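All values reported here derive from a predicted model rather than from experimental measurement. Note that the numbering runs from 1 along the sequence shown for the chain. Side-chain atoms are counted along with the backbone in the values below, which use heavy atoms only and exclude waters and symmetry mates.
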Amino acid sequence: MYNENKECCIIDPGCYFPEEETMLRDYIENEGLKPVLLLNTHCHLDHVFGNKFVHETWNLTLHVHEKEKPVLEMAPISAKTWQLDFDNYEGELIFIREKRPIKIGNEELEPRFTPGHSPGSVSFYHEAGGFAIGGDVLFNGSIGRTDLPGGDYDTLINSIQTQLFTLPDETKVYSGHGSVTTIGFEKMNNPYVKLY
Ligand SMILES: [Zn+2]
Ligand SMILES: [Zn+2]
């Protein structure tokens, strides 16, 4: 997302191949954006591949939840099991804390702690924009898997009910995978966490 000054944050850069890095850089340059923040909702491989590239290209420090640090450190080992070469981000970490808004100029993202898919998953709520970026917590018609290390089904359902379903119904949810949805639609239709 970006603000009126074209300052943007990059969340979960999944770029792995050089072509994907070029695509991200071209997009940012063509739009005239200035990346000012690097955030991870959580640190599964497909969400952290591009951390190092973004760090080196725009000199940004990675923000993650403290409980996600071990997952980030595991990433090269996970990559090996997929036979992928992977250069992990090794810079400093800034820990995301609940109730401490993340600022992009005058814009604010509210981090909401939503563990269950991963132990330190966070979702970012932008109240003024009416949207949330939920990582792999809640999907259009589905929820994140809970069989990976640190995952827990009941914790995930509780995160969705207390941290996401408490947002206004019209809030758009951009997930790590799949199409955009809304809180209201998922409350009515999501088979895993149906409220009504
Ligand atoms: Zn994930
Ligand atoms: Zn994912």
(Q) Quick one, W58 and I10 - any side-chain contact, counting heavy atoms below 4.5 Å? (A) yes

Q) Do E20 and F53 come within less than 4.5 Å of each other through their side chains, counting heavy atoms only? A) no

Q. Got more than 12 heavy atoms from elsewhere within 6.0 Å of CG, N59?
A. no

(Q) Apply side chain to side chain donor-acceptor pair (under 3.5 Å) to residues T146 and D152 and explain how you reach the verdict. (A) CA-CA 5 Å; T146 53; D152 182 73; over 6 Å; no

Q. Taking NZ, NE, NH1 and NH2 as the nitrogens, is one of them in E108 or K103 under 4.0 Å from a carboxylate oxygen of the other?
A. yes

Q: State, yes or no, whether a side-chain contact exists between I11 and N40 at a heavy-atom distance under 4.5 Å.
A: no

Q. Of all heavy-atom pairs between P168 and I183, which one has the smallest distance, and what is that distance?
A. O-CB, 3.6 Å

Q. Is it true that a side-chain atom of R112 and a backbone atom of S123 form a donor plus acceptor pair closer than 3.5 Å?
A. no

Q. Between H47 and H42, how do the two ring planes meet: parallel, tilted or perpendicular, split at 30° and 60°?
A. tilted

Q: Give a yes or no answer on whether the side chain of T81 reaches the backbone of S78 with a donor-acceptor pair at less than 3.5 Å.
A: yes

(Q) So does D154 get a backbone contact from the side chain of N158, meaning a donor-acceptor N/O pair under 3.5 Å? (A) no

Q: Verify the neighbour count for atom CD of E7: are there more than 12 heavy atoms of other residues, nucleotides or ligands below 6.0 Å?
A: yes

Q | Shared hydrophobic cluster for I133 and L38 (ILVMFWY, side-chain gaps under 4.5 Å) | A | no

Q) In Å and rounded to the nearest 0.5 Å, what is the CD1 to CZ distance from I96 to F113? A) 11.0 Å

(Q) I'd like to know if the side chain of H117 and the backbone of R145 have a donor-acceptor N/O pair within less than 3.5 Å. (A) yes

(Q) Looking at S175 and G178, would you say the former's side chain and the latter's main chain have a donor-acceptor pair under 3.5 Å? (A) no

Q: Rounded to the nearest 0.5 Å, what's the gap from OG1 on T57 to CG on L24? Could you check?
A: 8.0 Å

Q.
Could you check whether K52 pairs with E56 (Lys NZ or Arg NE/NH1/NH2 to Asp/Glu carboxylate O, under 4.0 Å)?
A. yes

Q) Which residue pairs pass the ring pair (Phe, Tyr, Trp, His ring centres under 6.0 Å) test with at least one member in residues 76-111, sequence neighbours excluded? A) F49-F86, H55-Y89

Q: Could you tell me the separation between the CZ atom of F124 and the OG1 atom of T114, rounded to the nearest 0.5 Å?
A: 8.5 Å

Q: Might you point out which heavy atoms bring L72 and N88 nearest each other, and give the distance in Å?
A: O-ND2, 2.9 Å

Q | Donor-acceptor contact present, side-chain T171 to main-chain L167, <3.5 Å | A | no

Q) Would the number of heavy atoms belonging to other residues, nucleotides or ligands and lying under 6.0 Å from NZ of K6 be above 12? A) yes

(Q) Looking at H65 and K67, would you say the former's side chain and the latter's main chain have a donor-acceptor pair under 3.5 Å? (A) yes

Q.
Name the residue from I28, L33, V36 that meets the side chain to side chain contact (heavy atoms under 4.5 Å, CB included) definition with Y2.
A. L33

Q: Test L109 against I104 for side-chain contact (heavy atoms from CB on, under 4.5 Å), laying out the working first.
A: CA-CA 8 Å; L109 285 179; I104 306 161; 4.2 Å; yes

Q | Shortest non-hydrogen contact from P115 toward P119 | A | CB-O, 3.4 Å

**Q.** Closest non-hydrogen atom pair between T166 and Q161, with its separation
**A.** CG2-O, 3.7 Å

Q | Any donor-acceptor N or O pair under 3.5 Å, side chains T181, E186 | A | yes

Q) So with a 6.0 Å cut-off around CG of D85, is the heavy-atom count from everything else above 12? A) no

Q.
Once rounded to the nearest 0.5 Å, what's the spacing between atom CD1 of I94 and atom CG of L62?
A. 8.5 Å

Q: Look at atom CG of D147 and say whether more than 12 heavy atoms of other residues, nucleotides or ligands are closer to it than 6.0 Å.
A: yes

Q) Going from OH on Y125 to CD1 on I102, what distance comes out if it is rounded to the nearest 0.5 angstrom? A) 15.0 Å

(Q) For E170 and T182: C-alpha separation, side-chain torsions, deciding distance, then whether side chain to side chain donor-acceptor pair (under 3.5 Å) applies. (A) CA-CA 6 Å; E170 61 278 13; T182 65; over 6 Å; no

Q: Before giving the answer on side chain to side chain donor-acceptor pair (under 3.5 Å), spell out for H177 and D136 the whole-Å C-alpha distance, their side-chain angles and the decisive distance to 0.1 Å.
A: CA-CA 7 Å; H177 309 272; D136 292 354; 3.3 Å; yes

Q. Once you round to the nearest 0.5 Å, how far does CD of E68 lie from NE2 of H44?
A. 6.5 Å

(Q) I'd like to know if the side chain of N190 and the backbone of S142 have a donor-acceptor N/O pair within less than 3.5 Å. (A) yes

